[in-house]
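The chain is numbered in sequence order, starting from 1. Since this is a predicted model, take the numbers as computed values, not measurements.
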Amino acid sequence: EEGDELAPIDMLLNKDQVRRYAKTANMYVPRFTDDEGAKAEGLPGMIAPGVMSMGLLARMISDWNRAAEIKRIGTTFRSPVLPDRNIHLRGTVTQKNEADHTVECDLWMENDDGERSVIGTATVAVPTKA
């Protein structure tokens with residue numbers, strides 16, 4: 001229903017997770033693998049790849065409703081996601097379309113201070129109950 005919250009996910013995103021993702025995604029470059037290399041690029045330290053952040057938000061949708069199908073997901077990256085910190089994945093249903101059994105959701109990733117580093121929206125097909 002409109003206004004419903006997606007099941008939140010709170011987790012520690014550690015550097016080893018980011019490195020493994022970067023290696024698997026063929027993105028094994030300094031900004032995603034080591035602090036000194038990232039600092040040489042002008043970053044505060046190593047960061048999580050944007051597609052990893054988007055994937056974590058997609059996981060939240062999947063965990064919320066295993067039968068749901070993500071039709072579209074889009075994100076805006078407001079600040080780097082730094083590993084070895086807690087992240088909090090959140091979402092809310094903002095619109096329900098009975099005709100095609102979809103919902104629109106606002107999604108975001110925030111830190112312990114409530115600062116949203118990644119924001120986005122998704123269109124999700126939700127099967128009808130028999």
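- Here the shortest heavy-atom pairing between Pro80 and Ser117 reads O-CB, 4.4 Å.
- Distance alone, capped at 3.5 Å, places no donor-acceptor pair between the Asn97 side chain and the Val103 backbone.
- Contact of the Lys39 side chain with the Glu36 side chain is registered, since non-hydrogen atoms from C-beta on lie closer than 4.5 Å.
- Ile119 and Val124 are not part of a single hydrophobic cluster, where members link through side-chain heavy atoms under 4.5 Å apart.
- Between atom CD1 of residue Ile9 and atom NE2 of residue His88 there is a gap of 12.5 Å, rounded to the nearest 0.5 Å.
- Note that SG of Cys105 and CD of Glu5 are 11.5 Å apart. Values are rounded to the nearest 0.5 Å.
- In this structure, Met52 and Ala48 approach most closely via the heavy-atom pair SD-CB, 4.3 Å.
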Assess the residue pair Ile73 and Leu107 against the criterion (side-chain contact (heavy atoms from CB on, under 4.5 Å)); give the C-alpha distance rounded to whole Å, side-chain angles, the decisive distance to 0.1 Å, and a yes or no.
CA-CA 9 Å; Ile73 188 168; Leu107 314 169; 3.8 Å; yes

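- Inter-residue side-chain proximity for Thr102 and Gln95 is flagged as unmet; no heavy-atom pair is nearer than 4.5 Å.
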Let me see the working for Trp64 and Asp4 under side-chain contact (heavy atoms from CB on, under 4.5 Å), right down to the final yes or no.
CA-CA 11 Å; Trp64 167 66; Asp4 284 355; 5.6 Å; no

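- Residues Met46 and Tyr21 fall within the same hydrophobic cluster, defined by Ile, Leu, Val, Met, Phe, Trp and Tyr side chains chained together at heavy-atom separations under 4.5 Å.
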Begin with the C-alpha distance, continue with both residues' side-chain angles, and end with the deciding distance and a verdict on side-chain contact (heavy atoms from CB on, under 4.5 Å) for Leu56 and Val81.
CA-CA 12 Å; Leu56 289 168; Val81 176; over 6 Å; no

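- Using a 4.5 Å cut-off between side-chain heavy atoms of Ile, Leu, Val, Met, Phe, Trp and Tyr, with links allowed through other members, Ile70 and Met60 fall into the same hydrophobic cluster.
- Distance alone, capped at 3.5 Å, places no donor-acceptor pair between the Arg59 side chain and the Leu57 backbone.
- Checking side-chain atoms of Asn14 against main-chain N and O of Asp16 turns up a donor-acceptor pair under 3.5 Å.
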Check the pair Glu104, Thr123 against side-chain hydrogen bond (donor to acceptor under 3.5 Å, both in side chains), reporting the backbone distance first and the verdict last.
CA-CA 5 Å; Glu104 295 292 321; Thr123 304; 2.7 Å; yes

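- Atom CG of Leu82 sits about 8.0 Å away from atom CD1 of Ile47, to the nearest 0.5 Å.
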Would Asp63 and Arg66 satisfy salt bridge (Lys or Arg N to Asp or Glu O under 4.0 Å), going step by step from the backbone distance to the final call?
CA-CA 6 Å; Asp63 286 357; Arg66 295 273 182 207; 3.4 Å; yes

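- Hydrophobic clustering of Ile, Leu, Val, Met, Phe, Trp and Tyr side chains at less than 4.5 Å, counting indirect connections, unites Leu43 with Ile87.
- By the 6.0 Å contact criterion, CD on Glu41 is enclosed, its count of non-hydrogen atoms from other residues, nucleotides or ligands being greater than 12.
- Within the model, atoms NZ of Lys15 and OG1 of Thr33 stand 10.5 Å from one another, a figure rounded to the nearest 0.5 Å.
- At a threshold of 4.5 Å between non-hydrogen side-chain atoms, the residues Asn86 and Asp10 do not count as touching.
- The minimum heavy-atom distance between Lys71 and Ala125, with the atom names listed, is CE-CB, 3.8 Å.
- Among Leu13, Val118, Leu89, the one residue that satisfies the side-chain contact (heavy atoms from CB on, under 4.5 Å) test with Ser53 is Val118.
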Could you please spell out the steps behind the side-chain contact (heavy atoms from CB on, under 4.5 Å) verdict for Met109 and Arg116?
CA-CA 6 Å; Met109 178 186 294; Arg116 295 181 179 185; over 6 Å; no

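- Hydrophobic clustering places Met27 together with Val18 (ILVMFWY residues linked when any side-chain heavy atoms are closer than 4.5 Å, directly or through intermediates).
- The number of heavy-atom neighbours closer than 6.0 Å to CG of Asn26, taken from other residues, nucleotides and ligands shown, is 12 or below.
- The main-chain N or O of Pro8 is never found under 3.5 Å from a side-chain atom of Arg90 such that the two would form a donor-acceptor pair.
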Please assess Glu1 against Lys96 for the test salt bridge (Lys or Arg N to Asp or Glu O under 4.0 Å), listing each intermediate value before the final yes or no.
CA-CA 7 Å; Glu1 297 297 323; Lys96 182 178 176 180; 2.7 Å; yes

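- When all heavy atoms of Trp108 and Gly91 are compared, the pair lying nearest together is CZ3-CA, 4.0 Å.
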